[in-house]
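All values below come from the heavy atoms of this structure, side chains included, with hydrogens, waters and symmetry mates left out. In what follows, chains carry the letters A, B, and so on, assigned in the order in which the sequence lines appear, proteins first and then strands, with residues in each chain numbered from 1.
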Number of protein chains: 2
Amino acid sequence: MQNSKPLKRTKQGKSPKPSKLAEETAKAAREAGNCVCFNVRKTARLISQSYDRALKPHGLNTNQFSILALIGAVPEPQTLSDTARVLGMDRTTLSRNLRHLNKAGLAQTLLDGQDARTRRLALTDKGWTVLAAALPSWRAVQGRTLAAMGPKSWPALRQQLDHLGQATAMAG
Amino acid sequence: MQNSKPLKRTKQGKSPKPSKLAEETAKAAREAGNCVCFNVRKTARLISQSYDRALKPHGLNTNQFSILALIGAVPEPQTLSDTARVLGMDRTTLSRNLRHLNKAGLAQTLLDGQDARTRRLALTDKGWTVLAAALPSWRAVQGRTLAAMGPKSWPALRQQLDHLGQATAMAG
DNA sequence: CTGGTATATGTGTATATACACCTTTATGAG
DNA sequence: CTCATAAAGGTGTATATACACATATACCAG
C-alpha cells in the first residue's frame with residue numbers, strides 16, 4: 001500500500017496560517033478551473049471511457065476504432081503523415097499506435113512505389129471485418145451520447161471544437 | 001528506420017477491386033468522422049500542445065498545472081479520490097500523476113488524522129512558488145486561446161462540455 | 001468482539017501522447 | 001554529378017490514462 005516515503009500528518013485543530021504567497025496564489029488558482037485546455041481534456045477523458053466500453057467487445061478502444069475508420073474511409077492508401085494530420089495526432093504517436101493495429105493484424109503498412117521514404121496505410125481483410133463488426137457498436141454509443149446531450153447541440157459543438165483546434169494553431 | 005517486418009508494395013496502375021464488405025464498410029466508416037469522442041479527443045490533443053509549450057518554461061505541462069492549481073485552489077487538503085473526481089480523472093491516474101509532482105517537490109501527500117486510509121493533498125512551499133510563477137504564463141495562453149476562438153463563444157462551449165461529461169455518465 | 005461489507009488507496013499491465021533527435025531518401029542549385 | 005537542404009519516417013524518453021486486481025482500514029450487524 002505504502003508509497004515508500006514517510007508521510008506527514010495533517011495538522012489537527014487550527015489550520016496553519018497560510019503564507020502571503022499562498023493566499024494570493026490560491027485566489028488566482030481558482031481562475032484555472034476555467035482553463036480551456038483542462039476542460040476539453042477532462043471531457044475527453046470522461047467520454048472516452050464510455051466509447052471504450054462500447055467498443056471493448058470488438059477488442060478495440062476508441063482511438064483504435066478512429067484510426068481504422070479513417071484508414072477505411074479513404075479510397076486509396078494515404079501516407080502516415082497525412083493520416084496523422086487528419087487525426088490531429090503527432091506523426092510519431094500515430095506511428096506507435098499503428099504498431100498495435102499491425103500486430104493485431106488489422107492494419108498494414110505498405111511501401112510506396114514512387115517514394116522509398118513514404119509508407120501508406122491500408123486495412124487487412126481482418127481489419128475490414130473487425131471494423132464492420134464494430135460499426136454498429138459505435139453507432140449505438142454515438143446515438144446514446146447524442147441523445148443524452150440533446151442531438152441538436154452536437155453540430156454547433158463540433159463546429160466550435162474544430163474552430164478551437166484551428167485557433168490553437170494560430171495562438172501558438 | 002525499418003519497422004522489422006517486410007512490407008508489401010502498393011500496387012501501381014489499376015487499383016484493386018475492393019471487396020463487397022470493404023465497399024460497404026468504407027461508406028459507413030465515413031460516418032465515424034463525426035464521432036463525438038474522436039472530435040473531443042482530437043481537440044484535446046491539439047490544444048494541449050499549445051498549453052504545454054506555454055507552461056514548459058516552468059517545468060510543467062498542462063496536466064500538472066491543472067492538478068497543482070486545483071490543489072492550491074481549495075482551502076483545506078482534499079482526499080485523493082475527491083480530487084480525482086473534480087479533475088474528471090481516474091483515481092489511479094491521479095495517483096500516478098502525483099508521483100511526478102511529489103518527486104519534483106511540488107506537492108505532498110499527507111496522512112489524515114481521522115482515517116488511516118485516506119491521503120490528503122497539499123502543495124509544498126516550492127509548489128506554491130512554481131504555481132505562482134506559472135499562473136501568468138497560463139493566463140497568457142488562455143487569453144490567446146480565448147481571443148483566437150472569439151471570447152464570447154467560450155462560456156457556451158464550456159457549458160456544452162460540462163453537459164457532455166455529465167451526459168456521458170448517463171449514456172453509460 | 002467478530003465477521004462481512006464498504007471505502008480509500010496502491011500495483012500490474014496495456015495503451016496513448018508528443019518532443020528531441022536520428023536515419024534515409026528526394027530534390028534542387030551549381 | 002555533387003552537395004545542401006528538405007521531407008518522411010523511426011527511436012529514446014517522459015508522461016498520461018484507465019481497467020483489473022490487491023491491500024489496508026473502517027464500520028456495522030449480531
Side-chain angles (χ1 to χ4, degrees), chain A residues 1-5 7 37-38 41-42 44-53 55-56 59-67 78-85 87-104 109-121, chain B residues 1-5 7 37-38 41-42 44-53 55-56 59-67 78-85 87-104 109-121:
Chain A
M1 184 71 163
Q2 215 39 308
N3 209 346
S4 70
K5 294 297 178 80
L7 301 180
C37 186
F38 164 64
R41 286 176 64 94
K42 174 179 168 181
R45 282 191 292 264
L46 293 173
I47 195 173
S48 293
Q49 295 180 41
S50 178
Y51 278 69
D52 281 350
R53 265 196 302 279
L55 294 167
K56 187 167 187 177
L60 297 176
N61 61 28
T62 187
N63 190 52
Q64 295 164 340
F65 172 82
S66 296
I67 295 172
Q78 302 295 306
T79 68
L80 198 154
S81 290
D82 285 347
T83 304
R85 205 166 1 258
L87 291 167
M89 188 179 286
D90 189 89
R91 180 182 55 76
T92 64
T93 301
L94 176 57
S95 184
R96 279 177 162 127
N97 289 347
L98 282 169
R99 285 193 184 172
H100 309 303
L101 297 175
N102 282 327
K103 186 171 297 187
T109 302
L110 305 167
L111 291 173
D112 184 278
Q114 309 305 128
D115 190 328
R117 294 170 301 178
T118 78
R119 301 286 180 270
R120 291 183 179 274
L121 308 177
Chain B
M1 181 73 163
Q2 214 41 306
N3 209 347
S4 69
K5 293 297 179 79
L7 301 180
C37 186
F38 164 63
R41 285 176 64 95
K42 174 178 167 181
R45 282 191 291 266
L46 293 172
I47 195 174
S48 293
Q49 295 180 43
S50 178
Y51 279 70
D52 281 350
R53 265 197 301 278
L55 294 166
K56 186 165 187 178
L60 298 175
N61 62 29
T62 187
N63 190 52
Q64 295 164 338
F65 172 82
S66 296
I67 295 172
Q78 302 296 305
T79 67
L80 197 155
S81 290
D82 285 346
T83 304
R85 205 166 1 257
L87 290 167
M89 187 180 287
D90 189 88
R91 181 184 54 75
T92 65
T93 302
L94 176 58
S95 184
R96 279 176 161 126
N97 289 348
L98 282 170
R99 286 194 183 170
H100 309 304
L101 297 175
N102 281 327
K103 187 171 297 187
T109 303
L110 305 168
L111 291 173
D112 183 278
Q114 310 304 131
D115 189 330
R117 294 170 302 179
T118 78
R119 302 285 181 273
R120 293 185 177 274
L121 307 177

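In terms of polar N and O atoms assigned as donor or acceptor, the side chain of A/Arg91 comes within less than 3.5 Å of the base of D/dG9 in a complementary pairing. Below the 3.5 angstrom threshold, one finds a donor paired with an acceptor across the side chain of B/Arg96 and the base of C/dG12. Below the 3.5 angstrom threshold, one finds a donor paired with an acceptor across the side chain of A/Arg117 and the base of D/dA7.
The CG-C1' distance, from A/Leu121 to D/dA8, rounds to 12 Å in whole Å. Taking atom CD of B/Gln114 as the reference point, atom P of D/dA24 lies 22 Å away to the nearest angstrom. Atom-to-atom, CG of B/Leu94 to P of C/dG10 comes out at 9 Å; the value is rounded to the nearest Å. Between the CG atom of A/Asp82 and the P atom of D/dA7 there is a distance of 13 Å, rounded to whole Å. One can place CG of B/Leu98 at 14 Å from C1' of C/dA8, the figure rounded to the nearest angstrom. We find that CD1 of A/Ile67 is positioned 12 Å from P of C/dT15, with the value rounded to whole Å. If you take CZ of A/Arg99 and C1' of C/dA14, they are 15 Å apart, rounded to a whole angstrom. In this structure, the CG atom of A/Leu55 is 15 Å from the C1' atom of D/dA18, given to the nearest Å.
The side chain of B/Asn61 contributes an N or O atom lying less than 4.0 Å from OP1 or OP2 of D/dA16. In this structure, A/Gln64 reaches the C/dA16 phosphate: one of its side-chain N or O atoms is under 4.0 Å from OP1 or OP2. Applying the 4.0 Å criterion to OP1 and OP2 of C/dT17, one finds that A/Asn97 has a side-chain N or O inside that range. For D/dA16, the OP1/OP2 oxygens have no side-chain nitrogen or oxygen of A/Arg41 closer than 4.0 Å. Taking only side-chain nitrogens and oxygens, A/Asn63 comes nearer than 4.0 Å to OP1 or OP2 of C/dT17. In this model, the phosphate group of D/dG10 is not approached by any side-chain N or O of A/Thr92 to a distance below 4.0 Å at OP1 or OP2.
Between B/Arg119 and B/Leu111, some side-chain heavy-atom pair lies under the 4.5 Å cut-off. Under the 4.5 Å side-chain criterion, counting only non-hydrogen atoms from C-beta, B/Leu121 is not in contact with B/Leu110. The side-chain heavy atoms of B/Arg45 and A/Thr93, taken from C-beta on, include no pair separated by under 4.5 Å. Counting heavy atoms from C-beta outward, A/Leu98 and A/Leu80 have side chains that approach closer than 4.5 Å.
With C/dA16, C/dC19, D/dG9 as the candidates, the nucleotide lying closest to the side chain of B/Lys56 is C/dC19. Closest to the B/Arg53 side chain, of the nucleotides D/dG10, D/dA16, C/dC19, is C/dC19. The nucleotide whose nearest atom lies closest to any side-chain atom of B/Thr79 is, among C/dT9, C/dT15, C/dT17, C/dT9. With distances taken from any side-chain atom of A/Gln49 to the nucleotides D/dA18, D/dT15, C/dA26, the minimum falls on D/dA18. For A/Asp90, the side-chain atoms get nearest to C/dC19 when compared with the rest of C/dC19, C/dA16, D/dT15. The side chain of A/Arg45 has D/dT17 as its nearest neighbour among C/dG10, D/dT17, C/dA16.
Annotation: of the two residues near DNA chain C, A/Asp115 and A/His100, the 5′-most nearest-nucleotide partner is A/His100. Residue-to-nucleotide proximity on DNA chain D shows that, of A/Leu46 and A/Leu80, the 5′-proximal contact is made by A/Leu80.
At a threshold of 4.0 angstrom between heavy atoms, the contacts of A/Asp52 with the nucleic acid are absent. Backbone-only contact: A/Ser81 has heavy atoms under 4.0 Å from sugar-phosphate atoms and none from a base. Within 4.0 Å of A/Ser48, counting heavy atoms only, lies no atom of the nucleic acid at all. Across all strands, A/Lys103 comes closer than 4.0 Å to no nucleic acid atom at all (heavy-atom distances). If you check every strand for non-hydrogen atoms under 4.0 Å, B/Thr118 touches sugar and phosphate atoms only.
Across A/Leu94 and A/Ala84, no two heavy atoms sit closer than the pair CD2-N, 3.5 Å.
Judged as a side chain to side chain contact (heavy atoms under 4.5 Å, CB included), and not counting sequence neighbours, the contacts of A/Thr92 are A/Asp90. Partners of B/Asn61 under the side chain to side chain contact (heavy atoms under 4.5 Å, CB included) rule, at least two apart in sequence or in another chain, are B/Asp52, B/Asn63, B/Gln64.
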